[in-house]
Amino acid sequence: MADIPAPAPRLAVPSLHIQCPTILVFDSGLGGLSVFREVARARPDASFIYAADDAAFPYGALSDAALVARVSSVMDTLIAATRPTLVVVACNTASTLALPTLRAAHGLPFVGTVPAVKPACAASVTRKVSVLATPGTVRRDYTASLVRDFAGSCEVTLVPSPRLAELAEAAMRGAVIDDEDLRAEIAPCFVRSETGRTDTVVLACTHYPLIVDQLRRVAPWPVNFVDPAPAIARRVASLLGPTAFAGSPKPVRVVSTGSALDGALVSRILQRETNAPEVIAPPFALAS
């Protein structure tokens with residue numbers, strides 16, 4: 001009888017196990033929700049925490065040293081409590097100042113939010129661009145370096161808005177905002193000269209995209225409002241790698257440092273379910 005050969009051994013196929021990341025999105029108030037929406041679209045598999053340091057809002061009122069101390073203190077507590085895979089600092093003012101300190105203190109990736117000067121100047125036809133920001137962002141050396149490095153032939157106007165973030169925050173909470181108040185905040189963005197007029201406005205505060213429809217309505221002429229959120233989402237996706245398979249999006253954990261956020265409001269803006277809002281209030285660095 002002929003020998004029957006043994007079956008060839010099967011090649012072992014390694015199982016592909018992709019972890020679903022946990023992403024912490026951080027801001028001083030509700031403005032970071034504009035960034036959250038884009039990041040959530042890019043990573044539907046992720047678990048999300050939205051954290052607002054509303055006890056210290058607005059950050060633009062803080063000195064540089066106080067802001068770094070405050071953000072570092074709050075972030076230490078948030079990271080210990082939530083153990084994120086990645087942190088998005090969805091605040092221009094905090095990003096332009098506190099990111100180096102945060103990255104040095106924690107062994108995980110941070111994605112910041114900075115004024116989108118480069119894409120705005122690349123897209124401008126009239127070569128007249130305005131950067132609408134909080135006074136804190138406008139005065140940062142980082143912002144000046146962006147203009148110096150990427151403006152090219154564009155004439156860039158930096159516009160410090162003292163009230164627009166607070167107006168946007170109030171609007172998100174249901175207050176009726178007078179069009180004249182909005183118009184006064186954005187008026188310096190619109191520059192006209194013999195060579196043309198502003199055609200591009202950088203929204204350099206994450207609160208501003210939340211009321212962009214109102215800004216378009218009160219603008220003296222149509223412009224391209226540039227929102228950095230899609231670029232931030234692409235950066236997050238590139239750092240995290242392949243998307244894991246996931247079912248329906250998980251409810252968002254909502255955390256604040258002052259008073260509990262309005263869960264229904266956050267759900268409405270995000271079009272996503274939230275857990276019961278939480279307040280964390282350990283002894284943070286003083287916000288002054």
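Start at 1 with the first residue, then count along the sequence.
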Q: Just how far is it from atom CD1 of Ile49 to atom CD of Glu278, taken to the nearest 0.5 Å?
A: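 Atom-to-atom, Ile49:CD1 and Glu278:CD are 9.5 Å apart.
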Q: How long is the gap from CZ on Arg70 to OG on Ser28, to the nearest 0.5 Å?
A: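 The OG atom of Ser28 is 10.5 Å from CZ of Arg70, to the nearest 0.5 Å.
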Q: Are the side chains of His207 and Leu167 in touch, meaning some heavy atoms are under 4.5 Å apart?
A: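 No, side chains not in contact.
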Q: Could you check whether any side-chain heavy atom of Val117 comes within less than 4.5 Å of a side-chain heavy atom of Val129, counting everything from C-beta outward?
A: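 A side-chain contact is absent here, since even the closest heavy-atom pair is not under 4.5 Å.
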Q: Can you tell me how far SG of Cys20 sits from CG of Leu240, rounded to the nearest 0.5 angstrom?
A: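 Atom-to-atom, Leu240:CG and Cys20:SG are 11.0 Å apart.
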Q: Is a side-chain N or O of Asp54 found less than 3.5 angstrom from the main chain of Ser259, in a donor-acceptor match?
A: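 Yes; judged by distance alone, with no hydrogens or angles, the pair exists.
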Q: Quick one: closest heavy-atom pair of Ala90 and Val25, and the distance?
A: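 Shortest heavy-atom contact: CB-CG1, 4.0 Å.
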Q: So, Glu166 and Arg163, do they make that salt bridge, N to O below 4.0 Å?
A: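 Salt bridge: no.
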Q: Any side-chain heavy-atom pair from Leu261 and Leu265 closer than 4.5 angstrom?
A: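 A side-chain contact is absent here, since even the closest heavy-atom pair is not under 4.5 Å.
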Q: Quick one: closest heavy-atom pair of Glu169 and Leu30, and the distance?
A: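 Between these two residues, the closest heavy atoms are OE1-N, 3.1 Å.
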Q: Salt bridge check, Arg217 against Asp179: does any charged N sit closer than 4.0 Å to a carboxylate O?
A: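 Salt bridge present between Asp179 and Arg217.
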Q: List the steps and the verdict of side chain to side chain contact (heavy atoms under 4.5 Å, CB included) for Leu239 and Leu86.
A: CA-CA 9 Å; Leu239 287 172; Leu86 177 147; 4.0 Å; yes
Q: Give a yes or no on whether Arg127 atom CZ has more than 12 heavy-atom contacts from other residues, nucleotides or ligands under 6.0 Å away.
A: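 Enclosed: over 12 neighbouring heavy atoms sit under 6.0 Å from CZ of Arg127.
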Q: With the side chain counted from C-beta on, respond yes when Met75 and Phe110 share a heavy-atom pair under 4.5 Å apart, and no when they do not.
A: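 The answer is yes; the side chains approach within 4.5 Å.
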Q: Please work out which of the three classes, parallel, tilted or perpendicular, describes the rings of Phe36 and Phe48, given edges at 30° and 60°.
A: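 Aromatic pair Phe48/Phe36 classed tilted.
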Q: Between Pro160 and Pro135, which heavy-atom pair has the shortest distance, and what is it?
A: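 Pro160 and Pro135 have their closest heavy atoms at CB-CA, 3.9 Å.
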Q: Is the shortest distance from a Lys or Arg side-chain nitrogen in Lys118 or Asp149 to a carboxylate oxygen in the other one below 4.0 Å?
A: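 Answer for the salt bridge query: no.
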Q: Specify whether Phe190 and Trp221 have parallel, tilted or perpendicular ring planes, treating 30° as the upper limit for parallel and 60° as the lower limit for perpendicular.
A: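 Ring orientation of Phe190 relative to Trp221: perpendicular.
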Q: Using every non-hydrogen atom in the two residues, find where Ala151 and Cys121 come nearest and quote the distance to one decimal.
A: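 Of all heavy-atom pairs spanning Ala151 and Cys121, the closest is CA-SG, 3.7 Å.
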Q: Are Val191 and Val147 linked, directly or through other ILVMFWY residues, by side chains that come within less than 4.5 angstrom of each other?
A: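 Different clusters: Val191 never reaches Val147 through Ile, Leu, Val, Met, Phe, Trp or Tyr contacts under 4.5 Å.
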Q: Membership question, hydrophobic clusters at under 4.5 Å side-chain separation (ILVMFWY): are Tyr59 and Leu24 in the same one?
A: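 Yes.
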Q: Do Val255 and Ile23 belong together in a cluster built from hydrophobic side chains that touch within less than 4.5 Å?
A: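 No; Ile23 is not reachable from Val255 via cluster members.
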Q: Would you sort out whether Lys128 and Val223 count as a side chain to side chain contact (heavy atoms under 4.5 Å, CB included), showing the intermediate values?
A: CA-CA 11 Å; Lys128 291 185 182 297; Val223 296; over 6 Å; no
Q: Could you check whether any side-chain heavy atom of Ile280 comes within less than 4.5 Å of a side-chain heavy atom of Thr257, counting everything from C-beta outward?
A: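 SC-SC contact between Ile280 and Thr257 confirmed.
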Q: In terms of hydrophobic clustering (I, L, V, M, F, W, Y; side-chain heavy atoms under 4.5 Å; direct or indirect links), are Val89 and Val236 co-clustered?
A: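 No, Val89 and Val236 fall in different hydrophobic clusters.
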Q: So, Tyr50 side chain and Gly32 main chain: donor-acceptor pair closer than 3.5 Å or not?
A: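 It does hold such a pair.
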Q: With a 4.5 Å heavy-atom cut-off, do Val111 and Val87 have their side chains touching?
A: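 SC-SC contact between Val111 and Val87 ruled out.
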Q: Under a 4.5 Å cut-off applied to non-hydrogen side-chain atoms, are Thr198 and Cys189 in contact?
A: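 No, side chains not in contact.
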Q: Quick check for you: to the nearest 0.5 Å, what is the distance between Leu78 atom CG and His106 atom NE2?
A: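 Atom-to-atom, Leu78:CG and His106:NE2 are 9.5 Å apart.
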Q: Can you measure from CG (Leu182) to CZ (Arg216) and round to the nearest 0.5 angstrom?
A: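 If I round to the nearest 0.5 Å, the distance is 14.0 Å.
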Q: Of all heavy-atom pairs between Gly241 and Arg43, which one has the smallest distance, and what is that distance?
A: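 Scanning both residues, the minimum pair turns out to be O-NH1, 2.6 Å.
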Q: Answer yes if the side chains of Thr101 and Ser72 hold a donor-acceptor pair under 3.5 Å, and no otherwise.
A: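 No, no side-chain donor-acceptor pair sits under 3.5 Å.
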Q: Is there a side chain to side chain contact (heavy atoms under 4.5 Å, CB included) between Arg37 and Ile269 once you walk through the steps?
A: CA-CA 8 Å; Arg37 291 183 303 196; Ile269 294 173; 4.2 Å; yes
Q: Where the side chain of Ser124 meets the backbone of Ala120, is there a donor-acceptor pair that is under 3.5 Å apart?
A: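 No.
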Q: Do Leu203 and Leu158 sit in the same hydrophobic cluster, where Ile, Leu, Val, Met, Phe, Trp and Tyr count as joined when their side-chain heavy atoms come under 4.5 Å apart?
A: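 In one cluster: no.
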Q: Hydrogens and angles aside, do Thr85 and Thr22 bring a side-chain donor and acceptor to less than 3.5 Å of each other?
A: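 Side chains of Thr85 and Thr22: no pair found under 3.5 Å.
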Q: Would you compute the distance between atom CZ of Phe57 and atom OG of Ser256 and round it to the nearest 0.5 angstrom?
A: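 Phe57 atom CZ to Ser256 atom OG measures 13.5 Å (nearest 0.5 Å).
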Q: Just to verify, which of Val138, Ile186, Leu132, Thr134 counts as forming a side chain to side chain contact (heavy atoms under 4.5 Å, CB included) with Ser161?
A: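 Considering Val138, Ile186, Leu132, Thr134, a side chain to side chain contact (heavy atoms under 4.5 Å, CB included) with Ser161 is found only for Leu132.
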Q: For side chain to side chain contact (heavy atoms under 4.5 Å, CB included), just list the numbers for Thr137 and Cys205, CA-CA rounded to whole Å, side-chain angles, deciding distance to a tenth of an Å, and then say yes or no.
A: CA-CA 8 Å; Thr137 296; Cys205 171; over 6 Å; no
Q: Could you report the tightest heavy-atom contact between Leu210 and Gly31, atom names first, then the distance?
A: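 Heavy atoms only, the tightest pair is CD1-CA, 3.8 Å.
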Q: I'd like to know if the side chain of Ser267 and the backbone of Ala264 have a donor-acceptor N/O pair within less than 3.5 Å.
A: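 Absent.
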Q: Would you call Asn92 and Arg140 a side-chain contact if the rule is heavy atoms closer than 4.5 Å?
A: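 No; the side chains remain at least 4.5 Å from each other.
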